[in-house]
K.L.:
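Input: one structure, supplied below.
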Amino acid sequence: MKIRYKIAVGGFQLFVAALIFAAEKGFSFAGSVFLVVGVLMLTRPYAVFDESRSALTFTALLGPHSTENEAFLEGGEIMLLRKGKKRKLPRSFAWFANAKDFEEMRGKLRESPLSGAE
């Protein structure tokens, strides 16, 4: 399942781009950057969750780069496991993610499948 960015996050980028273009009264490199980022946030997924493997893959806004982590619940917290290192999902993830997508993913997570893995 795809986890989208919040519309407000991408919309804010577009709003800033409009303000910059209005202030510059024409072409602006900074305005162009905000415009591209805003459009990408509204069209590309923030992350992809594969329920069958319990894998959360973070996608790059630009380019093909992605980072895959095993995701699971531990004590009510969403944990990520990558290359043998366990860490909490950053709280900012939930702020940037579409709330419906985030809650759907959270509901599909399993409890700690690798007990003792750190």
Side-chain angles (χ1 to χ4, degrees):
M1 75 172 272
K2 291 181 181 177
I3 300 167
R4 300 165 290 179
Y5 285 93
K6 280 184 182 173
I7 291 175
V9 174
F12 178 75
Q13 302 294 323
L14 296 176
F15 176 72
V16 170
L19 289 177
I20 292 171
F21 282 127
E24 295 288 326
K25 296 183 175 115
F27 178 78
S28 166
F29 179 75
S32 298
V33 170
F34 276 97
L35 179 66
V36 169
V37 169
V39 168
L40 290 172
M41 284 182 154
L42 294 174
T43 58
R44 290 187 56 127
Y46 183 24
V48 178
F49 179 66
D50 182 348
E51 183 180 359
S52 65
R53 296 183 306 120
S54 196
L56 183 62
T57 303
F58 296 94
T59 56
L61 204 52
L62 286 171
H65 183 72
S66 63
T67 305
E68 186 175 291
N69 300 269
E70 184 173 353
F72 55 91
L73 289 173
E74 186 174 271
E77 294 282 340
I78 298 175
M79 303 299 290
L80 302 175
L81 181 64
R82 182 166 182 256
K83 295 183 179 179
K85 293 189 179 188
K86 185 170 67 170
R87 65 184 175 95
K88 287 183 185 179
L89 179 71
R91 295 200 188 276
S92 60
F93 181 86
W95 192 87
F96 282 104
N98 175 290
K100 182 181 173 213
D101 295 348
F102 180 76
E103 288 305 317
E104 184 179 344
M105 178 199 71
R106 186 177 181 79
K108 293 179 178 183
L109 287 171
R110 301 178 197 127
E111 276 296 322
S112 184
L114 301 174
S115 59
E118 305 211 4

K.L.:
Donor-acceptor pair, distance only, cut-off 3.5 Å: does the side chain of Ser66 make one with the backbone of Thr57?
P.N.:
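No, Ser66 side chain to Thr57 backbone: no donor-acceptor pair under 3.5 Å.
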K.L.:
To the nearest 0.5 Å, how far apart are CD in Glu70 and CG in Leu81?
P.N.:
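Between Glu70 CD and Leu81 CG, I get 5.5 Å after rounding to 0.5 Å.
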K.L.:
Can you check whether Trp95's main-chain N or O pairs, donor with acceptor, with Lys6's side chain at less than 3.5 Å?
P.N.:
yes
K.L.:
Provide the closest heavy-atom pair for Glu51 versus Arg110 in the form atom of the first, atom of the second, distance.
P.N.:
O-NH2, 2.9 Å
K.L.:
Going from CG on Leu14 to CG on Leu19, what distance comes out if it is rounded to the nearest 0.5 angstrom?
P.N.:
11.0 Å
K.L.:
Out of curiosity, does Phe29 fall in the hydrophobic cluster containing Phe21 (side-chain heavy atoms, cut-off under 4.5 Å, transitive links)?
P.N.:
no
K.L.:
Are Leu35 and Phe15 connected into the same hydrophobic cluster when the rule is that any two of I, L, V, M, F, W, Y join if their side-chain heavy atoms are below 4.5 Å apart?
P.N.:
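No; tracing contacts between hydrophobic side chains, which count when under 4.5 Å, never links both residues.
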K.L.:
Verify the cluster assignment for Ile7 and Met41: are they in a single hydrophobic cluster under the rule of side-chain heavy atoms below 4.5 Å apart?
P.N.:
no
K.L.:
To the closest 0.5 Å, what do you measure between CZ (Phe72) and CE (Met79)?
P.N.:
6.0 Å
K.L.:
Under the side-chain contact (heavy atoms from CB on, under 4.5 Å) test against Phe49, which residue among Met1, Lys2, Arg106 passes?
P.N.:
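Exactly one option meets the side-chain contact (heavy atoms from CB on, under 4.5 Å) with Phe49, and it is Met1.
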K.L.:
Check whether Val9 and Met105 end up in the same hydrophobic cluster, where Ile, Leu, Val, Met, Phe, Trp and Tyr are linked by side-chain heavy atoms less than 4.5 Å apart.
P.N.:
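The answer is yes; both residues are in one hydrophobic cluster.
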K.L.:
Looking at Gly31 and Ala17, what are the two nearest heavy atoms and their distance?
P.N.:
O-CB, 3.4 Å
K.L.:
For residues Arg91 and Glu77, determine if any side-chain heavy atom of one lies less than 4.5 Å from a side-chain heavy atom of the other.
P.N.:
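The answer is yes; the side chains approach within 4.5 Å.
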K.L.:
Test your reading of the model: is there a side-chain donor-acceptor pair from Asn69 to the backbone of Ala71, 3.5 Å cut-off?
P.N.:
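Not confirmed, Asn69 side chain does not pair with Ala71 backbone.
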K.L.:
Indicate yes or no for a side-chain donor-acceptor contact from Arg44 to the backbone of Val39 under 3.5 Å, with no hydrogens or angles considered.
P.N.:
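Not confirmed, Arg44 side chain does not pair with Val39 backbone.
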K.L.:
Side chain to side chain contact (heavy atoms under 4.5 Å, CB included) between Leu89 and Leu56: does it pass, once the steps are laid out?
P.N.:
CA-CA 10 Å; Leu89 179 71; Leu56 183 62; 4.1 Å; yes
K.L.:
Evaluate side chain to side chain contact (heavy atoms under 4.5 Å, CB included) for Leu73 paired with Ile78, printing each intermediate quantity in order.
P.N.:
CA-CA 5 Å; Leu73 289 173; Ile78 298 175; 3.8 Å; yes
K.L.:
Report, as yes or no, whether the 6.0 Å neighbourhood of atom CZ on Phe58 holds more than 12 heavy atoms from other residues, nucleotides or ligands.
P.N.:
yes
K.L.:
For residues Leu109 and Ser54, determine if any side-chain heavy atom of one lies less than 4.5 Å from a side-chain heavy atom of the other.
P.N.:
yes
K.L.:
Does NZ belonging to Lys88 count more than 12 external heavy atoms closer than 6.0 Å?
P.N.:
no
K.L.:
Determine whether Lys108 and Glu104 satisfy the following criterion, salt bridge (charged side-chain N to carboxylate O under 4.0 Å, His left out), listing intermediate values before the conclusion.
P.N.:
CA-CA 7 Å; Lys108 293 179 178 183; Glu104 184 179 344; 3.2 Å; yes
K.L.:
Through direct or indirect side-chain contacts below 4.5 angstrom among Ile, Leu, Val, Met, Phe, Trp and Tyr, which residues connect to Phe34?
P.N.:
Phe12, Val16, Ile20
K.L.:
Quick one: do Ile3 and Leu42 end up in the same hydrophobic cluster if we chain Ile, Leu, Val, Met, Phe, Trp and Tyr together by side-chain heavy atoms under 4.5 Å apart?
P.N.:
no
K.L.:
Taking only residues two or more places apart in sequence, or in another chain, which ones meet Tyr46 in a ring pair (Phe, Tyr, Trp, His ring centres under 6.0 Å)?
P.N.:
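For Tyr46, the residues satisfying ring pair (Phe, Tyr, Trp, His ring centres under 6.0 Å) (neighbours in sequence not counted) are Tyr5, Phe93.
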K.L.:
With distance as the sole test, does Asp50 use its side chain to make a donor-acceptor pair with the main-chain N or O of Ala55 at under 3.5 Å?
P.N.:
no
